[in-house]
Protein chains: 2
Amino acid sequence: MKISTRFSDSIHILAFINIYQGIIPLTSSNIASSIETSPVVVRRLMSALNKAGLINTVHGAADPVLAKSPESISLYDVFLAIEGDAHLFTIDERTNPQCIVGGNIQETLNGFYQQAEIAAKAKLARISLQDVIDTIRVKQAIKDAEKERRN
Amino acid sequence: MKISTRFSDSIHILAFINIYQGIIPLTSSNIASSIETSPVVVRRLMSALNKAGLINTVHGAADPVLAKSPESISLYDVFLAIEGDAHLFTIDERTNPQCIVGGNIQETLNGFYQQAEIAAKAKLARISLQDVIDTIRVKQAIKDAEKERRN
DNA sequence: GTGATTGTAATTTATGTAGTTACATGATGT
DNA sequence: ACATCATGTAACTACATAAATTACAATCAC
């Protein structure tokens, strides 16, 4: 199973808050326009990010703020906030316990899958929201330069 | 989205073929009993494993055999055979290109996600079917010893 | 040749996720 | 105070993905 777009959308929200704060009102509606989804989806995710301590929102008021600096928010922090202890790989819940394979495969795969998951999560833990924002700005700068060049 | 149980089921099939070959007939039906799924699901997966060159099956005949030694079949080989180039993380297909974030987030996340995916796949590449089989046998031996002790 | 088995398509069922509607709660501005 | 706007959340619908089932042609084994 893949990880849902909730994870990507959440990173999007955090980057949006940082980049557009003070420039346009940070409402669920404005953020939703950037993601091209509905404001309710954004509010649900913002609510989770708030509970996880990544942003500070106020019930009834717009303009959420990042609760920590972008350097100190890792993609793994976001993953934890949104996906919790969800697994990247799925294991059958019922296999035949009478069979040598069926009776031991679940525990076995669980151990090996954890190795792979931890490797992936360790990578995510070393990528910060600031890295994401920096990359976005660089890519935008390249586009702007391209546009300028054509004039 | 998570990776479906197809991946786990495929590893199950390969381990089953190795452990039960010569002991019971390796039919899709017998294998399905161990996984507790339907024979058709098993046949579909075996068909894919055959095409990927991991096992050799014969149309109409039972008893497939591993095409390579268990040491030389990695979990990543199985992943590739079954999931192809499926991604562990999902990125929105449409975000607002007018927005600095929306216009650059897809490419940006794609790069970072690849780092995490490669880390996970590298781990899978270093785990062999033999490792899985060994672990299954050890776990079974522990169970058997436990049972013996209680007699 | 008969019976068992694989290979595969088509259909149904189940599940998870996104999207929508609705509304209560709280903030803002005049 | 009041009207307006925003968040927080529940309930429901729509949709996509995957598993399970049904059906059957092609192939093998005895």
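Lettering follows sequence order; numbering is per chain, from 1.
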Verify the contact: side-chain N or O of [X] to OP1 or OP2 of [N], cut-off strictly under 4.0 Å; return yes or no.
X	N	result
B/Ser4	D/dA19	yes
B/Lys51	C/dT6	no
A/Ser47	D/dT7	no

What about A/Arg6: does its side chain form a donor-acceptor pair under 3.5 Å with the base of C/dG16?
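Answer is no: no donor-acceptor pair is held.
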Residue met sooner reading DNA chain C from 5', once A/Val41 and B/Asn50 are mapped to nucleotides:
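It is B/Asn50 whose nearest nucleotide is closer to the 5' end.
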Might you work through the salt bridge (charged side-chain N to carboxylate O under 4.0 Å, His left out) test for B/Lys143 and B/Glu146, ending with a clear yes or no?
CA-CA 5 Å; B/Lys143 284 183 186 170; B/Glu146 274 284 313; over 6 Å; no
Which nucleotide in the set D/dT7, D/dT21, C/dT20 lies at the smallest distance from any side-chain heavy atom of A/Ala62?
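Selected nucleotide (nearest to the side chain): D/dT7.
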Give the nucleotide from the list D/dA19, C/dT20, C/dT6 with an atom nearest to the side chain of B/Thr5.
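Per side-chain heavy atoms of B/Thr5, the pick is D/dA19.
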List in numerical order all residues of residues 15-29 of chain A for which some heavy atom is under 4.0 Å away from an atom belonging to DNA chain D.
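Result for residues 15-29 of chain A: A/Leu26, A/Thr27, A/Ser28, sorted by number.
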Contact class for B/Ser38 vs. all strands (heavy atom < 4.0 Å): base, sugar-phosphate, or nothing?
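Base, at least one base atom sits under 4.0 Å.
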Walk along nucleotides 24-30 of chain D from 5' to 3' and tag each nucleotide B, S or - by protein heavy-atom contact under 4.0 Å, base first, then sugar-phosphate.
--BBS--
Any side-chain donor-acceptor pair under 3.5 Å between B/Tyr113 and B/Thr90?
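B/Tyr113 vs B/Thr90: no donor-acceptor pair found between side chains.
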Atom pair distance, as rounded to whole Å: CD in B/Glu93 and P in C/dG19
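Between P of C/dG19 and CD of B/Glu93: 12 Å.
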